[in-house]
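Okay, so here's the structure we're looking at.
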Amino acid sequence: MQEARDTEVEPSPTIRARVTSAFRQAGTRLCAEICTPRFIGASVAALVWLTVLLGFGLFISHGRQNTLADQDFKPFQLPSAQDTQVILPTELGGTLEPAAGFEGYPYTSGGDGRHWFNLLLPANDVPGLTMDAPVGLENLRLLAQDGSLLCAPNVQLQLSADPSSVGVKADLDLSQQSTRYWMPSATGYRLEVRWDQRFQDCPYEQPASVLADVVQRQTTSTEPRRLELTDEPHKLQAGSSSMTAKPGALPWEWWVEIANSGQQRWQFTAAEPPAHQGWRAKRYPSSSLWNAARNQPSPDPIAERYQLRFNAAVPAELPVTLLNTEEVRVADVRFSTERDQRTRASIPPTWHLPLQHTDTDLTLDLPMHAQDFEYHELFLPIAMSYTCELQVVEADLPLQWRPVERLFVYSIGRYDEEVEDYRQRLSAEPYSRYAKLPEAYLGRVRWELQSMDGEQRFFHDLEVTSELRCPAGVTWQPLTYQQSELPWLVPLEALPEASVDPAQPAREFFGRFRFLDANGEALMPMARAADLTDPALESFVFPESQLKFHGEVTRIEQLQIDDSTAHSQRWSYRFMSLEAY
């Protein structure tokens with residue numbers, strides 16, 4: 001028995017011990033293999049092969065830009081000859097925007113001070129063109145309503161090199177369109193001023209106006225140059241500014257990067273380039289974590305990048321210009337509130353705003369809706385609405401065609417307490433079928449078939465025959481006009497006396513007269529009050545019988561009928577059946 005016990009098998013090792021032993025053996029074998037000449041030779045051969053592949057890839061892609069690296073490019077067109085005619089005001093002026101609890105603005109504060117007011121300056125920014133631009137404000141003087149000095153802080157305020165889009169209240173729109181809000185977009189520099197330790201000697205009080213010296217970058221001379229588009233990167237250097245062209249991944253694609261700093265600056269030259277597509281983006285330096293935590297604006301861009309894809313023959317070079325600049329000071333620029341600009345004719349306008357839809361399209365291809373609706377409307381060009389006659393020829397009820405004011409669509413309930421305003425600002429839901437104008441009709445006047453008293457606009461089981469009669473042709477004829485000493489003002493005496501009736505609708509008057517700038521673009525008039533739904537001409541007449549415009553008027557034109565021979569077109573329209581409603 002004892003011998004039997006002595007011959008029992010010992011228990012097998014545990015799983016953990018087996019795994020540990022296996023790893024130890026594998027490590028030993030790997031170390032031994034690494035030290036062998038066979039492994040060292042294979043590793044060296046693999047490293048040489050990877051180096052060859054890397055070098056070959058760099059050689060193939062040398063100078064070529066990865067077109068998939070950036071996806072946030074905005075479309076743009078290379079500047080054409082017309083972009084050189086930039087309208088700059090004779091007298092520089094800005095807009096003062098109150099904030100921080102003034103005039104209903106909410107109180108805001110933070111580690112960087114209370115929001116005090118905004119200063120806005122106009123800009124004339126064309127992608128690819130470096131225009132003369134303001135760079136900062138100095139010698140600030142804050143004035144009270146009576147003109148007395150509130151304070152004069154010894155501070156310098158820097159403006160961003162990248163202008164932004166500013167919404168400006170519209171004074172007049174010739175066309176009648178359905179919209180939620182209509183604010184023309186102007187390009188400008190917005191400077192947010194906060195009441196902090198820099199202004200500790202200033203009372204936290206709303207200034208009525210601000211005077212400041214504007215430091216601008218002004219071009220002193222230009223030098224024409226050529227930027228070559230070749231298979232290799234080509235760079236133009238002047239001081240610390242450069243302009244570089246790199247071929248893209250496609251044979252007809254190039255990337256152009258402009259990095260401007262200092263007194264010399266590069267820009268595209270206005271020309272007529274071959275057919276192409278273009279995208280533009282800005283490259284910014286990295287912002288510090290401290291600025292990001294304090295919600296500071298992005299730093300100024302260090303480069304602008306343009307991606308060009310030519311549709312046909314690729315040019316061998318692009319015309320560019322080297323600008324030699326210097327900083328100049330424009331003294332005593334006044335920043336005025338919108339209220340002051342609308343009450344004092346002598347204050348120059350801040351923004352250059354065109355008045356749209358002043359063409360003379362008299363086409364008789366009427367944009368009618370399909371029949372069998374419960375309403376009938378037409379969208380006629382501006383000139384057609386003022387020179388043509390639209391009438392009902394035959395109907396079972398006395399009906400008339402009437403131009404309808406713009407239909408503002410807001411959320412229901414917003415104007416419940418303002419009954420008079422609510423009548424013109426309808427909720428979107430019940431009128432969603434016709435309140436949204438097709439984009440092609442946004443530059444036209446909306447006419448609607450209504451009852452004689454204008455109360456009824458929906459009809460059923462009714463057929464109506466209408467007629468549109470228009471003259472054979474109309475043109476804009478220039479009037480004799482001598483520009484005013486203050487070019488944004490036009491005295492009413494410069495217009496034919498019989499054509500001026502203060503009670504007539506402003507849309508009708510400014511549809512028959514055009515007030516043009518140096519580029520031949522019609523300018524928008526400035527009303528003496530904002531947000532007028534259906535203003536008469538008298539709302540635009542300033543003291544001493546003057547009209548004020550968002551720009552400088554150089555000439556005036558009047559709509560004239562060249563050929564009074566009437567062209568007419570009739571059509572019938574059947575309203576939907578009541579049973580089908």
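- Look at E228 and R226 and you find no salt bridge, because none of the NZ, NE, NH1 or NH2 atoms lies under 4.0 Å from a carboxylate O.
- For the 3.5 Å distance criterion, the side chains of S261 and S240 qualify, holding a donor opposite an acceptor.
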Problem set entry | Audit row: T475, Q477, side chain to side chain donor-acceptor pair (under 3.5 Å) steps and yes/no | CA-CA 6 Å; T475 57; Q477 297 293 331; 2.9 Å; yes
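- Under 3.5 Å, the side chains of T219 and T325 contain no donor-acceptor pair of N or O atoms.
- The pair D196-R198 meets the salt-bridge criterion, with a side-chain N (NZ, NE, NH1 or NH2) lying under 4.0 Å from an Asp/Glu carboxylate O.
- Looking at K548, its side chain does come within 3.5 Å of a backbone N or O of R344 through a donor-acceptor pair.
- Listed by chain and number, the residues in a side-chain contact (heavy atoms from CB on, under 4.5 Å) with N139 are R141, D213 (sequence neighbours excluded).
- For the pair T187/V166, no side-chain contact is recorded, criterion being any heavy-atom separation below 4.5 Å from C-beta on.
- No hydrogens or angles considered: a donor-acceptor pair under 3.5 Å links the side chains of S221 and N324.
- Taking 4.0 Å as the cut-off between side-chain N and carboxylate O, R190 and E97 count as a salt-bridged pair.
- Without hydrogens or angle criteria, T337 side chain to D340 main chain gives a donor-acceptor distance under 3.5 Å.
- Put simply, the side chain of L489 does not reach to within 4.5 Å of the side chain of L547, judged on heavy atoms.
- Taking the six-membered ring where the residue is Trp, W116 and F199 present perpendicular rings, their angle passing 60° and hence far from 30°.
- N311 and Q277 form no side-chain donor-acceptor contact under 3.5 Å, judged by distance and modelled atom types alone.
- Under the salt bridge (charged side-chain N to carboxylate O under 4.0 Å, His left out) criterion, R512 pairs with no residue, sequence neighbours left out.
- The backbone N or O of W266 lies less than 3.5 Å from a partner atom in the side chain of N260, making a donor-acceptor pair.
- Residues P247 and E253 fail the side-chain proximity criterion, which asks for heavy atoms closer than 4.5 Å.
- The aromatic rings of W195 and Y204 are tilted relative to each other, their planes meeting at an angle between 30° and 60°.
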Exercise. Can you check side chain to side chain donor-acceptor pair (under 3.5 Å) on T90 and E552, steps first, answer last?
Worked result: CA-CA 8 Å; T90 302; E552 300 181 358; 2.9 Å; yes
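- Using a 4.5 Å heavy-atom cutoff, the side chains of E304 and R280 are in contact.
- Under the 4.5 Å side-chain criterion, counting only non-hydrogen atoms from C-beta, F515 is not in contact with P525.
- Minimum heavy-atom separation, P134 to V214: CB-CG1, 3.6 Å.
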For this session: Decide side chain to side chain donor-acceptor pair (under 3.5 Å) for R528 and S539; before the verdict, give the C-alpha distance in whole Å, the side-chain angles of both, and the deciding distance to 0.1 Å.
Result: CA-CA 6 Å; R528 290 184 290 107; S539 299; 5.3 Å; no
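- The two residues T230 and W254 make their nearest non-hydrogen contact at O-NE1, 3.3 Å.
- Between F549 and F510, the ring planes lie perpendicular to each other; the angle is over 60°, past the 30° to 60° tilted range.
- Checked for salt-bridge contact, R342 and D171 meet the test: a charged N lies under 4.0 Å from a carboxylate O.
- Salt-bridge check for K246 with E232: failed, with every basic side-chain N at 4.0 Å or more from each acidic carboxylate O.
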For this session: With side chain to side chain donor-acceptor pair (under 3.5 Å) as the test, would you mind laying out the steps for T321 and T222 before giving the verdict?
Result: CA-CA 6 Å; T321 300; T222 61; over 6 Å; no
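- Remark: the backbone N or O of A345 is paired with a side-chain donor or acceptor of W488 at under 3.5 angstrom.
- Taking a 6.0 Å sphere around CG of N154, one finds it holds 12 or fewer heavy atoms contributed by other residues, nucleotides or ligands.
- Under 3.5 Å, the side chains of T350 and Q341 contain a donor-acceptor pair of N or O atoms.
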